[in-house]
Structures are given as structure tokens and as C-alpha cells.
Novice: 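Have a look at this one.
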Amino acid sequence: MRGMTFISPSLMTETQDLAALSAPLGMTERHAALEIGRSLVKGARARASERPYLDAFLQEFGLSNQEGIALMCLAEALLRIPDNDTADRLIAEKLTSGNWDSHSGRSDSLFVNASTWGLMLTGRLVELPDELRRNANGWLRQLTQRASEPLVRQALRRAMKIIGSEFVVGRSIEEALHRSATDPSLALCSFDMLGEGARTDLDARRYYDAYVAAIEQIGRHTDGSPHERSSISIKLSALDPRYSAVHRERVRERLVPRALELARLAAARGIGLTVDAEEQDRLEISLEIFAAMAGDATTRSWPGLGLAVQAYGRRAMAVIDHIAELSQAHGRALAVRLVKGAYWDSEIKRAQERGLAEYPLYTRKCSTDVSYLACARALFAVSDRIYPQFATHNAHTIAAVLGLARARREAIGSTVDFEFQRLHGMGTLLYDEARRQLAELPRVRVYAPVGPHADLLAYLVRRLLENGANTSFVNRFMDESVPVEQVVSDPISEIEILATVEHDRIPLPTHLYGTARLNSRGIDFGLRSNIEEIQQCLRKTLDLPSPVSRYVTPDGVEAAFRSANLAFSDWRHRAVDVRAEILERAANLLDQSRDTFLALLVQEAGKTAGDAIAEIRETIDFCRYYATAARQLQGRVSVLDGATGERNELSHVPRGVWCCISPWNFPLAIFTGQIVAALVTGNTAVAKPAETTPEVALAMTDLLYRAGVPRDALHVLPMVGKEFGDIALKQPALAGVVFTGSTRTAQWLNRALAARDGAILPLIAETGGINAMIVDSTALPEQVVDDVSSSAFGSAGQRCSALRLLCLQADNADRILEMLEGAMETLVVGDPQDLTTDVGPVITTSAAADLEQHIQRMCQRGRLLKRAAISSNMGLVPKDRFVAPALIEIDSVSALDREAFGPILHVLRYRTDDLPQLLDGLRANGYGLTLGIQTRLDGTRRALFEGTLAGNVYVNRNMIGAVVGVQPFGGTGLSGTGPKAGGPHYLNRFTTERVLTINTTATGGNTALLTLE
Ligand SMILES: Cc1cc2nc3c(=O)[nH]c(=O)nc-3n(C[C@H](O)[C@H](O)[C@H](O)COP(=O)(O)OP(=O)(O)OC[C@H]3O[C@@H](n4cnc5c(N)ncnc54)[C@H](O)[C@@H]3O)c2cc1C
């Protein structure tokens, strides 16, 4: 891309990052900001009757009570539900779940008190019957019991639209411009076209066209300089479905030209265009795009190009420096909208899931406030070429920014041009008050979302979260029960009295599991430096020998068992701590050898880089989790309660030599998980890795030896499974079998064990499943499509947890299928050594041929809806190992009678009335591994959980990637025996229980009893 590249600074600790910001305000400025901020709040409170009624409503129904959450859930889902039955059920569930009586009389607002429900029912502020005032709960129950009552549904839909329209200026740009022209408070807007995150090329095209039309219209209907007239805000995620740092080339080819076109059009029409700030892992790539826009010579004289910068981001100051340099380098004026940031909660979650070393954001609100002011100061310092736009609804922030502006004015001896911004529906009273009290208040622009109600939901939820959170200024500033001094306080003083800048209840992602164990380290794929490092590692082609050349001869099996049996008595007597430390050492070694294993997994097993990294993390987690679990299980005996004079001790002792048989689809994680579970509990192991992936297994075995596992305690024998099984299961030393693979092989192992004379041995088997996801019409289609795509096509469908059967409620099936088919068009199917690949090859050419046959067979029973395309870049992998992801519609559960282990998704439509039969059908196949549920109805979620057998059930998310110790994994029925891998009971099965009972009185009487005082 053209322009300067942003080099992301590596994050230090949060304390250091915050300390690196230069003091934003001097003592006098700090006092002034407090005084002015408090005066604004007092002034606004004195005019409480003028506050928009929605403010009062949101204050009462915030996020701290069940009713507020129920209303948020309704707001999030109700408007998109196409069928009345489901809408009624959602309404009934949410309205009967709250304690609405408790809100009666709590607010001084007429609206909240008496007319909340009036508004919902009639769309107008009306007085409601006495009965409602006295007994809101009973009245609601009565109302919603008649669930088919269209009045309730209509009223609530209308109410949600009213809540929504408080935050939206118009359903179309024409309507929005008309409102802007007629309502003085909306005279200066930055219009935002609702809807975010294109999932398909078609979506992206639609959003692009909407931006073009909006720019044209805004240009036509307003005049003045770019800073004085209404402008447009754009989201880069709307312009391409694969907008991410990993897809840099595609972004350069498709997204950048679109962004440039929009900027050129805005420049030609003389209006401002701001690029909104989105997720932190898109920060670097967004800056590359912005640099390309800033470097566009054709728009150089236009000062309207702007970027939003999130102060909660710990790289915010570096971003501002970068933009200042861009402006200097290209000799053009730019604009920066400084915001605090809208995605704080989801960013924290994402960083934890990804095991990042540091949060990319500050973890305390006061740190974000200080960062905001430091960035504001930096912006004023370059205000000769950067036009600062301060987006906030916080009285202290407004006051402090005005103080900084004053200081700048005095320093340079001339005026400084800047503006404030607020969101439509928020901050009205505060800015009115500021205008009244402060002569120096500059222009205030309103961020004005435009779009139909259906596109509103994601935006609306963010606003409700913002208004409802009790750390949020808007949530508290009109609440008389919170003293003004608390609402407006000095963030610098707040930080000074903190014991730690880092939030003490938000552990670093690495320390997510407290003192029990470390979380495995993940990769931030938003950073180009990381991407380049991984790409380099992927490009190195390994010279792998053919798997068969690694096979040992069958006579090795007997020798291995003999050796493992001899090693048992020594290994079992090592302290559990010693064995656990070996596992922890292995985890650390694996972490250090990540690149080696990444290359191996990609080139031997055909994994994509993302899958390979996830597998390495899972392996590390297994080692650490089982180390901790073994210490708990065997670190000390459990003394059991009983009669006095007797001591009862329960202990868990190892069984002997375990036979570990693992599959090729997780050649590292499952292979290692089985072995280390056996070893850490004091058993020895003879393991057979999958036929196709011996190299990964041997490299890991070597690592385990280096970590301290004795060579005779672990024997790894790559060879043909049947040959191994025939001998291994007859070995006298065998103490148990742990197996992951097909149900058929598990049954064979079970029979072979049963045929043995002597002790009855345990079998732990994890097998396959015909996994379903059930989606009702309350689900969010975009989320469904993301989750379905990763669950069905990720890892080329070669996970036992993968989604095979998607069950869609008929009412919204078309919408979801259309989006899913579009998303399939954007999948990259090809060379696993290419980081952009989503779907790699399947394991062998014969597996691919079987899958193609399955597709043909199912197409005869059903209908092929879509096949994705295979990229021309297949790298070193033979062409006939690729299976293009397929989507096939069938009309009954029974049509799918076997697990097809590849990227093939079957779809079934169901009507709500037929749900019981659907569940019968799912149970009838006998499998019970994973189940996905997408619904906003708690009742449906409960019924589906109860009505199915699946061992792992995932609600409103994808259904793959169980995390060790967090989602213990394993199925029921034909899907496995349990106990679950990575769960609290797994290790028990590798041991046998012994109880020691000692009559302590036998040696001279019950001393313990006699010495009681
Ligand atoms: C005109 C306009 C445009 C906007 N555009 C964008 C955009 O492009 N991208 C975007 O992300 N947001 C955008 N926003 C949303 C904006 O981020 C929020 O409205 C803003 O954060 C609220 O800040 P405040 O000063 O009004 O309120 P305050 O109550 O003072 O601050 C609330 C904010 O503090 C931060 N915060 C809360 N808790 C913590 C914590 N524990 N640790 C650290 N920080 C915390 C969060 O950012 C939260 O939103 C925009 C807002 C406006 C007004």
C-alpha cells in the first residue's frame, strides 16, 4: 500500500504505558476542569425536566437489574424476528422474568413511573390504568399469558422502534437530511450508514453504494467549508467481508480502491469523511488504508479526511503521532476524532481468548480518561495541520479539553479551530448546558446513524450498554443519588491513589487461570510483525520422509510393552510433583519450539496456520492442566470422615502400562493429551500415533524425553493401526486403552478387551458424531453465519466436533442461507502454507474421494445449494486432496446417516411445531458429541439441552475449539465413553482407587477422643 506504514509499538506493562504519556493537565487546569465539569452537571440536573425521556428510562432500566437486561435482550432481537409465534415467546419470556414492580415510583420521571408501558403499548406517553401502577408484574403476566395477543407484540415492536429511533436520525439519508434541515440541534451531523461488518461481497457492494448515495446527498443539501457542514462516517469493515490484517493483499486490491473512491467523492463534494475506529486487531491495517487515502494526491487540498482514534487503546498516542507525520509528509490537513472507544468489553474478552501477552487497552476507566486528555493535548499541539474533533458525553472531559484549548490559544496567541461531537440521542442536555454556561464552546457535531430498523440492532445494543454501564458518565450524571463530586472527578488523582494501574480483577490473559496454571500464549494476528514472522516460518518447506518409512515392525510392540512394564515400578514411585514438573517443562519447551511444530503441523497434516497454532496451544494447556490436576489427585491422600478411632484414606494409584491410540486430525494435541495423562498419574505408555502423521508425534516424543520423561516409560510406535492393535491388546502388561478415532475402531477395541482373560481393563474412547446446530428465528444471522462457517468448514471439517447438520427455523432460513452462500464465496480454499487460507486439504486423496462420493450421494437425496471454489494456489499439496466446501439441503434428519469427516454441511429446515420430531431424529442416530444452539430464548435453550444427548453444547457461538479445563470435551452414546478430556475427572480413569482403613485404637486406645478438651 502507498503511504507511510504505522509501526505498532510493542506494549509494555499498562503502568509503563500510562506513565509514558506526558502529564496532560497542570494543577490549575485540573482544578478548573473539576469546577467547570461540576457546574455543568449541576446545571443539567437543575433542568432535569428537559431531559429526553429515554435518558430517564435508561437510567432506571440499566444493566444492573434483570429488567434492564430483559429489555436489552428484547431490543436486540425483537425487531428481526420474522414470525409472530417466536416474537410472542420472546416477549412473554422477557417480560415475565423481571420484577417490574420494583421500578414503580423509583424514578421522578413521569415517563418511567407511569407511562413506560403506555409508551410501549400505544407509542404515546399516556397514563396507564391504576392496576398497572399497583401491580405491574400481575398485569404483565396477564397480558403475556395471552401470547397470541397481537396487541402486545405490536406494541413492543413499536416500543423497540421508539427506543431505536432515539438513536437513529432517519431510515434513509433523505429522511435524515430532512430532519437535520428542520431540527436546529441536528444542523451539523456526521452521518453514519447503519449496518456493520459485511459478510459477503454483495453486502460490501450494498454498503459502498449506500455511502456513495449518502455523500452525494449530503453534498447536495449542505454548504460551507468541510468543517462547517455535515459530513459522513464510514466503517472499513462494511467495505469488504475479509477486512483483516491477514488478508492484506485482498484489502489492498479491493478495499483500498473503494475507500479511495469514497474519499475522492467526499472531496469533490466538499464534505468531511471520517474513518471510524473498530477493533484493535484491525488498527494497523486500518492505518495502512488511511495512509493510502492520505497519500492520494488528487485529494490533497481537501482538509476533510479524518480518522477516529480510540483513547482506550494503549497505542493511541503512537497513532496520533503517526497521523501528524502523515499530514506532514503529504503536506495536507487531516482531522482526528478522538473517542474513548466503544468495544471495551468485547476487546477484553477477545484478548483473554487469544492468550495475548497484554491487553491492547487500558483496563481502568480512569486510565482511558487520562489517555484521552494526553491525546487531546497532543492534538492541540499539531492543530495547525490536524483538526481535532472531541467525541465525548462526559462533563469533565469537555471541561478539561476546553482548558487545553485555552492553554494552546494562549501559547500560540491565536484561535484554535476544533469541535466537539456527541452521539445522536445522547448528551443533548449536557451540551445545551455547556452552550449556556461556556462562551468558548465551539461547534458541536452529532454522529447521526441512518438506516432501517433491521440494521439498527448491533448499534443499539452498543448504545444501551454504554448508557447502562455504571462506569459510564451518561449513566450517572443525572442520578441525584450520586454526588456531583463523584460524577465529576479528576482521573489523574484517581490513578494516583490506585495500588496498581492494572485492574486487580481483570487478570492478564496469561494469568486467566489464577495460580493454578498459566494460560497458553496466542498470537495477535492484527500485528504485521507477527504475520510476517509466521509467514516466514510457513514458507520454509520441510523435507518430510514418507510416513511409511517411519513405521516400526510389529515385533517392536511386544518389546515396548515389556520395557514399559519394567519401567513402571520406578516411574510410579517418583513423586507426583516430579512428574508434574516434567509436564510443565514440556509445555514450556513446546511454547519455545512453536515455529517448528507449526511448520510440521501445516506440512504433515495440512493444517492452516490458525488451526496449527490453536492445536499447539491446546497441547500446552493439556500439559499444564494435567500437571495441576495430578497434584490435586495424588499430591496427598484424602482422609474420609467416619467413626472416631479409625482413619480412612482414599488414594489414587496408577494402573500400569497404557496403550494410547490417537488420530491424525489432532496429531499433536490428542496424541500428547493421552500420553501425558497416563504418565503424570504414574503409568507408563505405549503409544501409536496416526499412520499419516508420525513426524509430529516423533518430534513431540523427543520433546517429552527432553523434558524428562524416561525413554522406557514412553514408547511411540508409528505403524499400521490394525497390526499394532492385534498385538498390543493381547499384551499381559496392558492396563488400559485410551483411544480417539472412529466409533467402529472403538467397538473393535472394546471387543478385543472383552476377549481377554484376566482383569477387566478400562477403555476411554472418544469417537465421532453427527453434530447439529439448531437455529431459531431469534438468532442473529450474521453471528449464525460466522459460527456456522467456522464450525463446518474450519479445519476442512476434520474435527470430531465439527458441524454436520444445520437445522434452520423455516421462517428465517432463506435469509441465513443467502448470507452463508455469500460467505462461502469468500472462503480461501487452498495452500495451507499460505496464511490467508481458511480451508486446507483433507488428510489423504482417498479421504477426498470418499467425501466426493458422499457429496454425490447426498445430492441425490437432497439438493446442492453451494460449493465453494478452490484457489489456484494449492502449494505443494496434490490437487486431489482438496474438497471444496459443500452446502447440501436435505429434508429429514435420517437422510444423513453417517459422519462425513470433511467440509460438508447439510441443512435442514424445520417448523417450530416440528421441533420435538427433530429432536427425536437427532437422538435416534445415537451420537452425542457436540450441539450448537442459536437462540435468544432461554426456554428454547433449556429444552434443546434437555432434549438432546450431546456432551458439549454451545450456545450463541461456534461449536469447535473446546478449551482445556474450561470446556472439558467428550461425548455420550456412540460418541464416547467419557470421562471428558481436559476435565476434572479425566485423570481418575487412569488410576485405580484404594482405601486404607486403620483402626487407630488398636495400638492402645482412642487417644484422639480422650485428649478432647
Ligand atoms: C461522535 C462520536 C463518534 C464515535 N465514533 C466511534 C468510533 O469510531 N469507534 C469507537 O470505538 N467508538 C466511537 N464512539 C463511541 C465512543 O467510543 C463512546 O461513546 C465513548 O467511549 C463514550 O465516552 P464518554 O466520554 O462519552 O463517556 P465516559 O463515560 O467518560 O467513558 C466511557 C468509556 O470509557 C471507557 N471505559 C469504560 N470502562 C473502562 C475500563 N474499565 N477500562 C478502560 N476504559 C474503560 C470505554 O471506552 C467507555 O466507552 C463515538 C462516539 C461519538 C460521540
Novice: Would you please test Leu703 and Ser593 for side-chain contact (heavy atoms from CB on, under 4.5 Å) and show each step?
Specialist: CA-CA 9 Å; Leu703 187 147; Ser593 326; 3.9 Å; yes
Novice: Could you measure the distance from the CZ atom of Phe561 to the CG atom of Leu566? Nearest 0.5 Å is fine.
Specialist: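 Rounded to the nearest 0.5 Å, the CZ-CG separation comes to 13.5 Å.
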Novice: Tell me yes or no: between the side chains of His652 and Arg994, is some donor less than 3.5 Å from an acceptor?
Specialist: no
Novice: Do Lys540 and Asp595 pass the salt bridge (charged side-chain N to carboxylate O under 4.0 Å, His left out) test, and can you show the C-alpha distance, the side-chain angles, and the key distance before you say yes or no?
Specialist: CA-CA 10 Å; Lys540 269 187 242 138; Asp595 289 358; over 6 Å; no
Novice: Is Asn530 reaching over with its side chain to a backbone N or O of Asp524, donor-acceptor style, under 3.5 angstrom?
Specialist: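 Between the backbone of Asp524 and the side chain of Asn530 there is a qualifying donor-acceptor contact (under 3.5 Å).
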Novice: Surrounding CG of Leu996 (heavy atoms of other residues, nucleotides or ligands, distance under 6.0 Å), is the total greater than 12?
Specialist: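 Yes, because the 6.0 Å sphere around CG of Leu996 holds more than 12 heavy atoms from other groups.
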Novice: Any donor-acceptor pair under 3.5 Å linking the side chain of Arg804 with the backbone of Gly797?
Specialist: yes
Novice: Give the minimum heavy-atom separation between Cys537 and Leu598, together with the two atoms involved.
Specialist: SG-CD2, 3.6 Å
Novice: I need the Ile933 CD1 to Met959 CE distance, nearest 0.5 Å.
Specialist: 10.0 Å
Novice: Any non-hydrogen side-chain atom of Arg594 less than 4.5 Å from a side-chain atom of Phe597?
Specialist: no
Novice: Please check if any side-chain donor atom of Ser742 sits under 3.5 Å from a side-chain acceptor atom of Thr745, or the reverse.
Specialist: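 Yes - a donor-acceptor pair under 3.5 Å links their side chains.
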Novice: Under 3.5 Å, is there a donor-acceptor pair between the side chain of Lys980 and the main chain of Gly971?
Specialist: no
Novice: For Pro762 versus Ala735, what's the shortest heavy-atom pair and its separation?
Specialist: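 Shortest heavy-atom contact: CD-O, 3.2 Å.
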Novice: Please list all pairs meeting side chain to side chain donor-acceptor pair (under 3.5 Å) that have one or both residues in residues 718-732, counting only residues at least two apart or in different chains.
Specialist: Lys722-Asp726
Novice: If every non-hydrogen atom of Thr672 is compared with every non-hydrogen atom of Leu668, which pair is closest and at what distance?
Specialist: OG1-O, 2.6 Å
Novice: Would you call the rings of Phe990 and Tyr986 parallel, tilted or perpendicular if under 30° counts as parallel and over 60° as perpendicular?
Specialist: perpendicular
Novice: Would Leu734 and Leu753 satisfy side-chain contact (heavy atoms from CB on, under 4.5 Å), going step by step from the backbone distance to the final call?
Specialist: CA-CA 10 Å; Leu734 182 68; Leu753 284 175; 3.9 Å; yes
Novice: Between Arg617 and Asp591, does any side-chain N to carboxylate O distance fall below 4.0 Å?
Specialist: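 Salt bridge absent between Arg617 and Asp591.
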Novice: Please identify each residue that fulfils side-chain contact (heavy atoms from CB on, under 4.5 Å) with Glu695, with sequence neighbours left out.
Specialist: Leu544, Pro545, Arg550, Leu600, Glu604
Novice: Carefully, step by step, assess Thr767 and Leu974 under the rule side-chain contact (heavy atoms from CB on, under 4.5 Å).
Specialist: CA-CA 7 Å; Thr767 55; Leu974 291 178; 5.5 Å; no
Novice: Are Thr930 and Phe969 close enough that some pair of their side-chain heavy atoms sits under 4.5 Å apart?
Specialist: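 When only atoms from C-beta onward are counted, Phe969 and Thr930 do touch, with a gap below 4.5 Å.
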Novice: Any side-chain to backbone donor/acceptor pair from Asn771 onto Ala802? Under 3.5 Å, distance only.
Specialist: yes
Novice: Do Thr997 and Asn648 pair up side chain to side chain, a donor and an acceptor below 3.5 Å, judged on atom types alone?
Specialist: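 Short answer, yes.
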Novice: Surrounding CZ of Arg636 (heavy atoms of other residues, nucleotides or ligands, distance under 6.0 Å), is the total greater than 12?
Specialist: no
Novice: Quick one about Ser520 and Asp621 (side-chain donor to acceptor, distance below 3.5 Å, no hydrogens or angles considered), yes or no?
Specialist: yes
Novice: Could you tell me whether the side chain of Pro979 reaches within less than 4.5 Å of the side chain of Asn988, counting heavy atoms only?
Specialist: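 Side-chain contact under 4.5 Å: no.
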Novice: Using a strict threshold of under 4.0 Å (side-chain N to carboxylate O), is an ion pair present between Asp787 and Arg957?
Specialist: no
Novice: Looking at Gly721, is its backbone amide N or carbonyl O close enough to the side chain of Glu691 to form a donor-acceptor pair, meaning the two atoms are under 3.5 Å apart?
Specialist: yes
Novice: Looking just at side-chain N and O atoms, do Thr837 and Asp831 make a donor-acceptor pair shorter than 3.5 Å?
Specialist: no
Novice: Will you find, in the side chains of Asn519 and Arg354, an N or O donor that is under 3.5 Å from an N or O acceptor?
Specialist: no
Novice: Got a second to check how far Leu851's CG is from Ile843's CD1, nearest 0.5 Å?
Specialist: 12.0 Å
Novice: Find out whether the Lys NZ or Arg CZ of Lys688 is both under 6.0 angstrom from the six-membered ring centre of Phe671 and within 45° of the ring's axis.
Specialist: no
Novice: Quick one: are Glu358 and Leu508 in side-chain contact, heavy atoms under 4.5 Å?
Specialist: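 Yes, side chains in contact.
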Novice: Before giving the answer on side-chain contact (heavy atoms from CB on, under 4.5 Å), spell out for Asn683 and Val657 the whole-Å C-alpha distance, their side-chain angles and the decisive distance to 0.1 Å.
Specialist: CA-CA 6 Å; Asn683 303 281; Val657 187; over 6 Å; no
Novice: To the nearest 0.5 Å, what is the distance between CD1 on Ile770 and CG on Leu805?
Specialist: 8.5 Å
Novice: Please round to the nearest 0.5 Å and tell me the distance separating atom CD1 of Ile764 and atom CG of Leu749.
Specialist: 12.5 Å
Novice: Taking all atoms of both residues into account, what is the closest heavy-atom pair of Cys623 and Ala587, and its distance?
Specialist: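 Scanning both residues completely, I find the closest heavy atoms to be CB-CB, 3.9 Å.
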Novice: Would you say Arg579's side chain and Ala630's backbone share a donor-acceptor pair under 3.5 angstrom?
Specialist: no
Novice: Between Thr628 (side chain) and Arg624 (backbone), is there a donor-acceptor pair under 3.5 Å?
Specialist: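 Between the backbone of Arg624 and the side chain of Thr628 there is a qualifying donor-acceptor contact (under 3.5 Å).
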Novice: Is there a side-chain contact between Pro663 and Ile670 in this structure, where contact means two heavy atoms from C-beta onward sitting under 4.5 Å apart?
Specialist: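 They are in contact (side-chain heavy atoms under 4.5 Å apart), so the answer is yes.
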Novice: Using 0.5 Å steps for rounding, measure from the OH atom of Tyr626 to the CG atom of Leu987.
Specialist: 6.5 Å
Novice: If we only count heavy atoms from C-beta on, is the Val883 to His854 side-chain gap below 4.5 Å?
Specialist: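 In short, these two side chains do not touch, never coming nearer than 4.5 Å.
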Novice: Going by side-chain contact (heavy atoms from CB on, under 4.5 Å), Val738 matches just one of Arg989, Gln674, Glu766. Which one?
Specialist: Gln674
Novice: Which atoms form the tightest heavy-atom contact between Pro968 and Asn952, and what is the distance?
Specialist: O-ND2, 2.9 Å
Novice: Pair Trp664, Phe901 - check ring-ring contact (aromatic ring centres under 6.0 Å, His included), show working.
Specialist: CA-CA 12 Å; Trp664 50 261; Phe901 216 66; 5.7 Å; yes
Novice: Can you tell me if Trp571 uses its side chain to pair, donor with acceptor, with the backbone of Leu679 under 3.5 Å?
Specialist: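 The answer is yes, because a donor-acceptor pair under 3.5 Å joins these two groups.
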Novice: Can you tell if the side chain of Gln603 reaches within under 4.5 Å of the side chain of Gln833, non-hydrogen atoms only?
Specialist: yes
Novice: Verify, without hydrogens or angle tests, whether Tyr705 (side chain) and Leu714 (backbone) share a donor-acceptor contact under 3.5 angstrom.
Specialist: yes
Novice: Does Tyr551 reach the main-chain N or O of Pro694 with its side chain, forming a donor-acceptor pair under 3.5 Å?
Specialist: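 It does not hold such a pair.
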Novice: I want to check something: taking the side chain as every heavy atom from C-beta on, are Ile661 and Phe724 in contact at a cut-off of under 4.5 Å?
Specialist: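 They are in side-chain contact.
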Novice: For residues Gly606 and Pro832, report the shortest heavy-atom separation together with the two atoms involved.
Specialist: O-CB, 3.8 Å
